[in-house]
Amino acid sequence: MIVLKTMTGLKLGSLRRMATAVVVAAGIVFTSGLSANAAEEAREYESHDWSFYGLFGTYDRASLQRGYRVYKDVCASCHSLRLISFRNLVEIGFTEDEAKGIASEFTVEDGPDAEGDMFERTARLSDRIPSPYRNDNEARSINNGALPPDLSLIVKARHGGPNYIFALLNGYSEEAPEDFHLTDGMTYNPYFAGAEIAMPEPLFEDAVEYGDGTTASVEQMAEDVTHFLAWASEPTLDRRHQLGFQVMIFLILLTGLFWIVKRRTWKDMH
Ligand code: HEC
């Protein structure tokens with residue numbers, strides 16, 4: 001009797017274990033199917049040959065100014081640049097009058113006035129490049145629940161920096177694969193984590209008119225605006241690289257001088 005009980009006990013036990021294994025396996029298959037989109041690996045991007053890369057690299061002023069144009073005409077309708085003031089634009093080659101003109105294209109909130117009310121006025125050189133929205137809630141409600149981030153530090157804030165931003169902006173040309181479940185209101189972009197993004201395709205052929213006659217292809221605009229955003233996130237790079245260069249020259253000259261002094265000092269010693 002006891003033997004029989006243990007035998008059925010054993011059988012029941014192994015049956016239960018088998019059932020658990022089947023349920024777990026089914027669970028894994030099911031959830032992996034469900035999260036197919038979420039698990040979609042963001043695609044690798046290539047390294048671009050940026051002029052500001054390398055020990056003594058510098059920004060390309062013409063590209064920075066074109067990049068500003070792209071930012072203003074396309075991105076500024078959704079993204080602020082709060083760490084850059086209009087005065088800073090002089091550093092990328094605009095004259096002070098041009099920077100004033102640029103500022104006058106924006107309105108900012110100021111106040112409170114004598115009655116305690118906030119009011120809007122035309123931007124001045126000392127103002128930061130403002131957000132087009134009154135607050136984050138408005139930004140989210142207009143953009144399908146997603147917040148367009150401030151772009152001042154975005155190049156530093158993303159792994160892959162300018163190469164990632166450049167690939168992301170160029171990454172809208174592909175159709176989503178057949179089996180990809182695109183969420184309503186989202187756009188397919190293989191370089192964004194999850195491969196779908198709440199930012200609609202921003203760049204189209206000739207979306208801006210460049211003052212210097214450069215053809216405004218999507219790739220050119222993506223390159224210029226990325227260059228501009230790289231500057232925004234590190235405006236002192238040029239100065240730093242220049243200083244590094246001067247320090248190296250100084251050290252080389254100093255080494256030469258020390259060598260001469262040493263030869264002179266020891267010349268009579270045999
Ligand atoms: C119509 C509004 C809109 C425009 C125009 C727009 N963006 Fe966006 N952008 C968004 C939104 C919304 C997000 C947030 C996306 C998300 O989290 O899914 C975003 C996110 C981004 C990101 C962050 C991506 C990441 O890795 O998190 C970058 C970089 C960016 N935008 C750059 C740009 C640039 C450069 C332009 C101009 C060429 C531009 N955007 C134009 C709405 C916009």
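As the structure lists them, so they are numbered: ligands from 1, and atoms in each ligand from 1. Every value quoted in this text rests on a predicted model; they were computed, and no experiment measured them.
With a 4.0 Å cut-off on non-hydrogen atoms, L203 touches ligand 1 through its side chain and not its backbone. With a heavy-atom cut-off of 4.0 Å, S77 touches ligand 1 through its side chain alone. At a heavy-atom cutoff of 4.0 Å, ligand 1 is contacted by no atom of A222, backbone or side chain.
Judged by distance alone, with hydrogens and angles left aside, the side-chain atoms of H227 form a donor-acceptor pair with the main-chain N or O of D60 at under 3.5 Å. The main-chain N or O of S217 is never found under 3.5 Å from a side-chain atom of T215 such that the two would form a donor-acceptor pair.
In terms of polar-atom proximity, N143 is not counted as a contact of ligand 1, lacking any N or O under 3.5 Å from an N or O of the ligand. In terms of polar-atom proximity, defined here as any N/O pair under 3.5 Å, R158 does make such a contact with ligand 1. Of the polar atoms of A198, at least one N or O is found under 3.5 Å from an N or O of ligand 1, judged by distance alone. Checking only distances, Y164 does come within under 3.5 Å of ligand 1, N or O to N or O.
Remark: ligand 1 atoms within the under-4.0 Å shell around heavy atoms of I154 are 29 (C). Each of the following atoms of ligand 1 lies closer than 4.0 Å to a heavy atom of L147: 14 (C). Every atom of ligand 1 with a heavy atom of C78 under 4.0 Å away is listed here by number and element: 1 (C), 2 (C), 3 (C), 4 (C), 5 (C), 42 (C), 43 (C). Atom numbering of ligand 1 starts at 1 in the shown order; those under 4.0 Å from a heavy atom of P202 are 41 (C). Under a 4.0 Å criterion applied to the non-hydrogen atoms of I165, ligand 1 contributes the atoms 29 (C).
L83 and L151 are members of different hydrophobic clusters when ILVMFWY side chains are connected at heavy-atom separations under 4.5 Å. Taken together through direct or relayed side-chain contacts under 4.5 Å among Ile, Leu, Val, Met, Phe, Trp and Tyr, V74 and F166 form part of one hydrophobic cluster.
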Practice prompt. Apply the test side-chain contact (heavy atoms from CB on, under 4.5 Å) to residues F52 and W231: give CA-CA distance (whole Å), side-chain angles for both, the deciding distance (0.1 Å), then the verdict.
Written response: CA-CA 9 Å; F52 49 87; W231 166 77; over 6 Å; no

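Considering only non-hydrogen protein atoms, atom 20 (C) of ligand 1 sits nearest to P149 CD, 3.5 Å. Closest to atom 28 (C) of ligand 1, if we only count protein heavy atoms, is L151 CD2, 4.0 Å. The protein heavy atom nearest to atom 36 (C) of ligand 1 is C75 SG, 2.8 Å. I197 CG1, 3.7 Å is the protein heavy atom nearest to atom 15 (C) of ligand 1.
The side-chain hydrogen bond (donor to acceptor under 3.5 Å, both in side chains) analysis of residues 110-123, with sequence neighbours excluded, yields the pairs D110-R121, R121-D127. Applying the side-chain hydrogen bond (donor to acceptor under 3.5 Å, both in side chains) definition to pairs two or more places apart or across chains, those involving residues 150-160 are S80-D150, D150-S152, K156-E234.
For D212 and T214, the side-chain atoms include at least one donor-acceptor pair closer than 3.5 Å. Judged by distance alone, the side chains of D238 and Q242 never bring a donor and an acceptor atom under 3.5 Å apart.
Checked against V70 for a side chain to side chain contact (heavy atoms under 4.5 Å, CB included), the options T226, L229, V208 give a single hit: V208.
The NE2 atom of H79, atom 8 (Fe) of ligand 1 and the SD atom of M199 define an angle of 170° (nearest 10 degrees).
Residue-environment remark: CD (Q246) exceeds the threshold of 12 foreign heavy atoms within 6.0 Å.
Assignment of Y71 to the shell around ligand 1 is not supported, since no heavy atom sits closer than 4.0 Å.
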